[in-house]
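Just so it is clear, the model here is predicted, and its values are computed rather than measured. Each chain gets a letter, A, B and so on, in the order the sequences are listed, and its residues count up from 1.
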2 protein chains.
Amino acid sequence: MSKKPTIKEIAKLANVSIGTVDRVIHNRGDVSKETTILIKKIMNELKYVPNTHARNLALNRNFKIAVLLPEHKNGEYWSEPMRAVQQANTDLKSFGVEIKIYLYNQKNKNSFIKESRRIFDEKNDAVLLAQVLIEESKIFMDTCKRKSIPYILIGSIKNDISALSTIGQNSYQGGRLAGELISFNQKKGTNFLIIHITKAQNPNLNVKERIMGFNSFFSDNNEFHYVIDSLIISEEDPDLIKKIQNKLIQTEKLGGVFVPNSKSHILVKALESKKLFRIVGYDLLDKNKQLLNKKKIDFLINQRPYEQAYEGIDYLYKYLGLQQLPPQIVSLPLDIVTKEKLMYY
Amino acid sequence: MSKKPTIKEIAKLANVSIGTVDRVIHNRGDVSKETTILIKKIMNELKYVPNTHARNLALNRNFKIAVLLPEHKNGEYWSEPMRAVQQANTDLKSFGVEIKIYLYNQKNKNSFIKESRRIFDEKNDAVLLAQVLIEESKIFMDTCKRKSIPYILIGSIKNDISALSTIGQNSYQGGRLAGELISFNQKKGTNFLIIHITKAQNPNLNVKERIMGFNSFFSDNNEFHYVIDSLIISEEDPDLIKKIQNKLIQTEKLGGVFVPNSKSHILVKALESKKLFRIVGYDLLDKNKQLLNKKKIDFLINQRPYEQAYEGIDYLYKYLGLQQLPPQIVSLPLDIVTKEKLMYY
DNA sequence: ACTATATCCGTTAACGCACACGGAACGGAG
DNA sequence: CTCCGTTCCGTGTGCGTTAACGGATATAGT
């Protein structure tokens, strides 16, 4: 019963035409003060809510959303956001949304610049991106702002007020959580290591914050445990394995190693005999999952990259199509994955 | 460029009218074989996707979704699903969705029956419910099935094939996870307790499965740890606290207590001096959160009741309005909450 | 040859909203 | 008085889809 009120009914009650009602709804003027007030009053009483389907049909808009991500292979980190984007694409197609994917080579800044230029050339209405190449991304985002193209950042939580939203995990808290997991019920006097295997070029902001959080956990809570040292090493270092092994041997009473990015599988490669310490890492790459399952890795913190990307696209559409503002910052839960939980991913 | 193809264009290409194309799309017959094939071919080539807004406008349907939940106070478990329902209500109002909430008294089966009858009387198109009163719910769901009213269950994962979907956590795996958390790095020979404080009447299925999972973890993995005993006790037992205390004292080498429902705050009440064992519980009630923050509770497993309800409503709408079938079973991640993570909830 | 019936298809009026266009009423300037 | 501008408002068309309705043609039955 009591179907939803429409513009027509409001017009009838106010003794005006639907054109007038429409004008006050979009307050585009040319309506006398009294009728404006009257119409607004009636709308409130009837709790009028415009019919989204009718509105969008009348506006008959099409949206082009660009997704700017690094190239990748299957099983790698970025394939999860990619899956999400594809899913969102089929889900939103019937709403007039077209998603275009732009992939760049992480190690080639020019390819980033080229792709970001294409995004503008091809007149996209909004952008979803991950801030991997920090400086280049900044320039890109500035350009977006200048052209008033809304964008959403995934993979990190920033106070970027010109972004429509940033979606990610709190890296600092993630580091603290890692501290908690790694020190939990360890003997007094145990020491811990941070091993940061980098992909050369990028001094990842998330990683920095994770390390800060990790350290802060120990200085706050844990007078009996110590973060002895941290090793920063390039993935392409020819002596990578050997250097890691040395570091492990040198460390006395080693209780655990924190790998603040997705490279914990490389650390495991360096292990020779039985693992005698705990390993806490990040991200459910295929390789990491296998090692978690073999108990070579103890905890993985999942950033939920699929959800990040899917929600990002969804927010962009809701902004463009339904004028709904997303939260400035979306903080996904820190998802601790253990061997027991693994089968659900 | 290349706007989305419409029925009209397809009709023109096939030299027929839009009526014919429409008949093919909804295969409601009265079209010759050849033209059917031709039209289908053209639709495939153009990758035609019907415009959801136009479709829903033409159909001009309104949906009434009923939500059937127990009464509750603020800060209690059910206030989270309730918040989600209210949010979904405002989000979906403009799509012609009306959500009606039916609350019953958990301890009064008649109130459940009364409310469920109202749901049918008031001609709702779909139902979201939590299976708290098991038998009564079964009858209700059977009636739904008979009247072909789709329903979604939240709070438990069932193989209820007549449900449109069931959304929840895998309780068995939750129990195993609890086992992992509670035994992690404990000394050999440590013993564990299960304390199940019940709300009298309902022999909760989830709780049973959690306990089974908990036990199975120890029989599978943990030859040095033992689940000594389990105490099942009514919340209304006048000697509740005393009985719990006795059980705790009796247990030698107690390493931890597993509370397989949201009542861990009651267990904490029974503690007199410093807590010397680990506590793993469920659900982020206000009381539990405070105790987690004070380190009286070590881990809480969050069932994500808000997300369960929101997704449930969303799935129902997408089914009714967009003919999208949800997954039969939606398993939300086991969300481990520690003191560090607490600030995000 | 004529009607009855089946088969196939086109026309059309909604659905609720957005927006362009034009028009009525009025006042003031010439 | 006419002419013009301003203020306020109604009308009409179109967005893409649905589905009722009825029209045209062919086929069968008498």
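Counting only heavy atoms from C-beta outward, the side chains of B:D91 and B:Y317 never approach each other to under 4.5 Å. Counting heavy atoms from C-beta outward, A:W78 and A:L103 have side chains that stay 4.5 Å or more apart. Using a 4.5 Å cut-off on side-chain heavy atoms (C-beta onward), A:V24 and A:M43 make contact.
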| Can you give one letter per nucleotide of nucleotides 8-18 of chain D, 5' to 3': B if a protein heavy atom sits under 4.0 Å from the base, S if only from the sugar-phosphate, - if neither? | BBBB--BBBBB

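Checking B:T20, B:I10, B:I7, B:I39 one by one against B:I25, the side-chain contact (heavy atoms from CB on, under 4.5 Å) holds for a single residue, B:I7.
Judged as a salt bridge (charged side-chain N to carboxylate O under 4.0 Å, His left out), and not counting sequence neighbours, A:R55 has no contacts.
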